[in-house]
There are 2 protein chains.
Amino acid sequence: MEALQAHLSVTRRKHAAGQYLFRAGQAFRALHLVHAGTYKTCELADDGREKVTAFKMRGELVGAESIGLDTHACDAIALEDSETWELPYPAVMKAAAQLPWLQAQIHAALAAEIRCDRNWMLLLATLAAEPRVAAFLMHMAAKQARLGYSARHFILRMSRLDIASFLAIKHETVSRALSHLADLNYISVQRREVRVLDEDGLRGMATA
Amino acid sequence: MEALQAHLSVTRRKHAAGQYLFRAGQAFRALHLVHAGTYKTCELADDGREKVTAFKMRGELVGAESIGLDTHACDAIALEDSETWELPYPAVMKAAAQLPWLQAQIHAALAAEIRCDRNWMLLLATLAAEPRVAAFLMHMAAKQARLGYSARHFILRMSRLDIASFLAIKHETVSRALSHLADLNYISVQRREVRVLDEDGLRGMATA
DNA sequence: CGAAAGATTGAGGTGTATCAAGATCAGTGG
DNA sequence: CCACTGATCTTGATACACCTCAATCTTTCG
C-alpha cells in the first residue's frame, strides 16, 4: 500500500484530537490511509443509537465501508493529533485497473476488514465483560507491537466510554474490569497508561 | 452480478440441507453466488467458540471474507436444499481487470458486506434481546420482499439455535421473545412459520 | 414405531446495567 | 499561579434482564 504515491496524487491531512475526518452523510470521495495517530469510526442509527466500530492506526484504511455509496456511512474522528493520506477514490479505481497487484491489495484489504469485524462479533457474542476487556488489551498490545512500539507498555488513546462502546458494555464495567485485571496483577493501569505484567494471564482470561 | 456468465466459467453446485459449502481451513479458490436456498456462515475460534455471522440468500455472495487468504476463514452451511454458482477467484480477478463495472461491483459488494456487519454490530450492542428478535424478523421480511416473496408470511430456514447465535443471545431467549411478540399480536408463530400481523408494532419494538 | 433433534415454558441464579457519589485530571480565565 | 469548571474515571449499592438448569411437548427421520 505504501507504493501508492507513485501512481496517484496523495494529499496529507492533519486532524487535531476530536476533529472529524468525515461525518456520516458527507460526500464520499476518497479513502484515507492513516499515517500517524489514531482514529475511531462510529456507526450511527437514525434514532441516535451509536457504537464505535473500529480504532485505526498507522497503515490502516479508513472510509472503505462507504465504497459504492455517494455519502459516508459512518463518522471518523481523530482521538489524538493525527494525519492521514487522502486517496481520491476514482483515481484509486483507475490505478487498480492498470495494476493487478493494487487490485488484489484492495480486495484483500476489504476482505480483511470483514474478517476483523467478524472476529470481534464472535468475541462479543461469546465472551463476558472481563474477557472482552482482556482481549481488547491484547489486541491493542499487538497493534503497538506491529508498529514497532512496546507491547508491554502503552497509552490507550481512547476514553473508557469509547472502549465501552466498542466492547458493547458500559464504561463502569470497563473500569471495574481493568481494576480487577490489575488486582490479579495481569496489568497495571493508571488512567490511560497500561502496563502488561502477565501476558499469559491476560491471554488465559481472554479466551476462557 | 448476473451478467457474469458471459465473462467467466460458472459451475453450479447443489447442497442438501446441512451440507457444507466450505469449511474453515479448506483451500480458498472461488466466490459463491447463492442461486437458490439459504446458507449460513459460521465464525470459529480456536477454543471452540463459534457464532453464526450471516444468512445468505439468492443474489448474495458467500466466501468473500476469505479473499486474500489461502484457506477459508469460516464455515458455510446450507440450511435447506440450495444451489450456488461457483466463481473461480482468479478468473474473477482477470475479468475485473478488463471490466471496470465489474471491479466497481466487487468493491461495492465487499463494502456492503462491511456495512451490513456493522449495522448488526450496532444493533447487538444497543438493543435488548426482544428488540433484536424483532429487528431480525423485520430484516428477514425485507429479504423475502426483495426476492419477490411475501414480507407478511414466511418460513424461517434456520433453527432457534442459529438465530440465537446470530443475535448473541440464548435460544430459550429467542423462543420467549417470539412468544411475547405473538402475545402482543405483532406476529404469529408456529415453529418456523412466521406471520407479521402488525409491522408498525414490530418496527417500534425493534428501534426502542 | 422409537429415537433424536428442535422448540417451548418455568423457576431460580448471576452478571451487568443502573443510579449515585467521589476522586482525579485537563483546560480556562482571572 | 491558582481557582474554577467540566470531563473523565473509579467505586459502591441495588435492580433487573438474561442465563442456566430442567421438564415437557412436538416434529422429524431412520
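Side chains included, hydrogens not; waters and symmetry mates left out as well; all remaining heavy atoms used. Naming convention: chains lettered A, B, ... in sequence-line order (proteins, then strands); numbering from 1 in each chain.
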Both A:Glu172 and A:Arg191 contact DNA chain D. Taking the nearest nucleotide for each, which residue is further toward the 5' end? A:Arg191
Between the side chains of A:Arg13 and A:Glu86, is the shortest nitrogen-to-carboxylate-oxygen separation below 4.0 Å, so that they form an ion pair? yes
Taking 5' to 3' order, which nucleotide of DNA chain D is first and which is last to have an atom within less than 4.0 Å of a heavy atom in chain A? D:dT8 to D:dA13
Are any side-chain N or O atoms of A:Ser179 and backbone N or O atoms of A:Ser175, one a donor and one an acceptor, separated by less than 3.5 Å? yes
Restricting to pairs with a member in residues 172-193 of chain A, which pass ring pair (Phe, Tyr, Trp, His ring centres under 6.0 Å), not counting sequence neighbours? none
Would you call B:Lys143 and B:Glu60 a salt bridge, taking side-chain N to carboxylate O under 4.0 Å as the test? yes
Could you tell me whether the side chains of A:Gln144 and A:His153 share a donor-acceptor contact shorter than 3.5 Å? no
Residues A:Arg132, A:Glu130: salt bridge by 4.0 Å N-O rule: no
Tell me which residues in residues 153-163 of chain A put a heavy atom below 4.0 Å from DNA chain C, sorted by number, or none. none
is_close_aromatic(A:Phe28, A:Tyr89), centroid dist under 6.0 Å: yes
Within the 4.0 Å heavy-atom criterion, would you say B:Arg192 contacts the bases, only the backbone, or no part of the nucleic acid? sugar-phosphate
In whole Å, what is the span from the CZ atom of A:Arg132 to the C1' atom of C:dA17? 13 Å
May I ask you to say whether B:Lys14 pairs ionically with B:Glu83, meaning some side-chain N is under 4.0 Å from a carboxylate O? yes
Rounded to whole Å, please give me the gap between NE2 in B:His180 and P in C:dG10. 13 Å
Would you classify A:Ile169 as touching base, sugar-phosphate or nothing, given that sugar-phosphate means primed atoms plus P, OP1 and OP2, and contacts are heavy atoms under 4.0 Å? sugar-phosphate
Give each protein N/O atom lying under 3.5 Å from an N/O atom of nucleotides 11-15 of chain C, with the pair distance.
none

Just how far, in rounded Å, is P of C:dC25 from CD of A:Gln190? 9 Å
Does anything in residues 28-39 of chain B form a side-chain hydrogen bond (donor to acceptor under 3.5 Å, both in side chains)? List the pairs, not counting sequence neighbours. B:Thr38-B:Glu80
Contact list for residues 105-126 of chain A, test ring pair (Phe, Tyr, Trp, His ring centres under 6.0 Å), sequence neighbours left out: A:His107-B:His107, A:Trp120-A:His139, A:Trp120-A:Phe166
Atom NE2 of B:His171 and atom C1' of C:dA5 are separated, to the nearest Å, by 11 Å
Give a yes-or-no answer on whether the side chains of A:His72 and A:Ser66 include a donor-acceptor pair shorter than 3.5 Å. yes
